[in-house]
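For ligands, and for the atoms within them, numbers begin at 1 and follow the listed sequence. Predicted, not measured: the structure shown is a model, and the values here were computed from it. Hydrogens, waters and symmetry mates are skipped; everything else that's a heavy atom, side chains included, is used.
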Amino acid sequence: MPPLILSTWSFGPVANNPAWEAMSRGGSALDAVIIGATAVENDPTINSVGIGGLPDASGRVSLDGCVMENPDRAGSVACLRRFANPCAIARRVMERTIHVMLVGEDADRFAEREGFAPIGEKGLLTDYARAEWEKWINDPRHVDREKYRGWIPPLNVEEKARSGPNQSHDTVCVLGIDGAGRLAGACSTSGMAFKVPGRVGDSPIIGHGLYVDQEAGAAAATGNGELVMGTCGSFLAVELMRLGATPIEAVSEALTRITKRFKLGPDHQVAMIALARPAKPGEQWGGWASAAIRPGYSHTITDAAGTRVEPAQRVLMP
Ligand code: GLY
């Protein structure tokens, strides 16, 4: 039951705990999801979001993120290189411009004009992320993303060997519904590890990595962005809820669309979370959902009963 915060992956408590605290102090769902995403962006031990994110093929980190409350309340930035907090900057795009999305150097300049502190001399690349990139670039077996035009490359050898969450594409998506019954979402990533420089995935694209409509629901996606972009994953899930699907039916169908329309390799993973639209007077709230194509994914849920990291409610290809 609302209020609640739902986020992707087992690092979710990093997001959910400050987000819940903000909402408990009277903050809106939008305040809360941005506080949650920012906490993950600022954690250098999380290698797929913000500071500490793995770099692109040139060894430079770029960050993408977006926030959304409604079709007319959305903001996004892509390919930030000098600032650590795409979701907070995306909120400024939403609130202070007539636009939805800013990209590249001009997005960095916008953040500077808005008073955000640049990351400074050391940049977004941590020593760990630099070492991982050096291992990748020096490994003759590494997968050159440039060579796979139009297709999604398998992950490299070291990535394959890892179990559990995959640092290559573990976007943090944070969805919230506050005590006033208002939905919001934030989505933040450093994108696919060792991507072609300039590559932007699903996360900052409204309707792909995140979609929120107070009249229909909220959904967000994590995993291989190219798979989500081929199916407008989050928009699809929200539209299915608008047509009457429950949150678990909606995310299951959006993920099934991916499994049907792409030839998936064993490493390809997408997971989705969703919240039902706010309840109307006299109605019971429609709940939330979390599902994944493959095992290994967890979500984090926080409500009045506390914070729990749990496996997906449904795995399509167990
Ligand atoms: N889902 C994150 C990305 O592919 O960039």
Side-chain angles (χ1 to χ4, degrees), residues 7-12 15 37 40-41 46-50 52-58 60-68 76-81 86-87 90 101 103-104 107 124 129 143 145 148 150-156 159 165-175 185-211 219-237 251 254-255 257-258 262 264-265 267-274 290-294 296-299 312:
S7 67
T8 50
W9 299 105
S10 50
F11 52 63
V40 177
E41 291 162 355
I46 296 170
N47 304 121
S48 49
V49 178
L54 293 180
D56 64 19
S58 71
R60 295 172 301 152
V61 179
S62 63
L63 304 181
D64 309 324
C66 70
V67 297
M68 189 167 190
S76 160
V77 287
C79 224
L80 284 181
R81 292 201 188 271
C87 290
M101 185 168 191
V103 304
L124 296 165
V143 173
R145 311 295 201 221
Y148 288 80
W151 184 232
I152 305 155
L155 302 173
N156 70 15
E159 287 164 343
N166 189 310
Q167 59 189 348
S168 175
H169 50 59
D170 298 350
T171 307
V172 67
C173 307
V174 191
L175 299 179
C187 183
S188 184
T189 190
S190 52
M192 184 186 282
F194 320 131
K195 61 197 172 187
V196 175
R199 178 265 190 191
V200 172
D202 59 321
S203 303
I205 314 283
I206 299 302
H208 295 253
L210 174 69
Y211 198 71
T222 178
N224 296 98
E226 283 74 5
L227 301 174
V228 180
M229 294 166 91
T231 53
C232 295
S234 296
F235 181 73
L236 176 58
V251 292
L255 294 173
R257 185 77 56 92
I258 292 172
F262 286 87
L264 297 182
D267 304 311
H268 292 142
Q269 169 70 302
V270 176
M272 294 190 72
I273 53 175
S290 162
I293 291 180
R294 297 188 186 284
Y297 159 81
S298 312
H299 60 262

Asp64-ligand 1 polar pair, N/O distance under 3.5 Å
no
Check: Glu226 N/O within less than 3.5 Å of ligand 1 N/O: no
Check your understanding: Looking at side-chain heavy atoms only, is the closest gap between His299 and Trp9 below 4.5 Å?
Key -> no
Within 4.0 Å of some non-hydrogen atom of Thr171, the atoms of ligand 1 are 1 (N), 2 (C)
request  = Please say whether more than 12 non-hydrogen atoms of neighbouring residues, nucleotides or ligands are located less than 6.0 Å from CZ in Arg257.
outcome  = no
| query | Mind checking whether Lys195 has a heavy atom under 4.0 Å from ligand 1? | reply | no
Taken in chain and number order and not counting sequence neighbours, the residues that satisfy ring-ring contact (aromatic ring centres under 6.0 Å, His included) with His208 are none
Is it true that Lys195 and Glu226 have a side-chain N and a carboxylate O under 4.0 angstrom from each other? no
Within-cut-off N or O pair, Gly225 and ligand 1, under 3.5 Å | yes
Salt bridge between Asp64 and Arg199, side-chain N to carboxylate O under 4.0 Å? no
Numbered in order shown, the ligand 1 atoms found under 4.0 Å of a heavy atom of Ser203 are 1 (N), 2 (C)
message = Between ligand 1 and Gly223, is the shortest N or O to N or O distance under 3.5 Å?
response = yes
**Message:** Under 4.0 Å, counting heavy atoms only: does Thr222 come that close to any atom of ligand 1?
**Reply:** no
message: Checking the side chain of Thr171 only, and the main-chain atoms of Thr222 only, is there a donor and an acceptor separated by less than 3.5 Å?
response: no
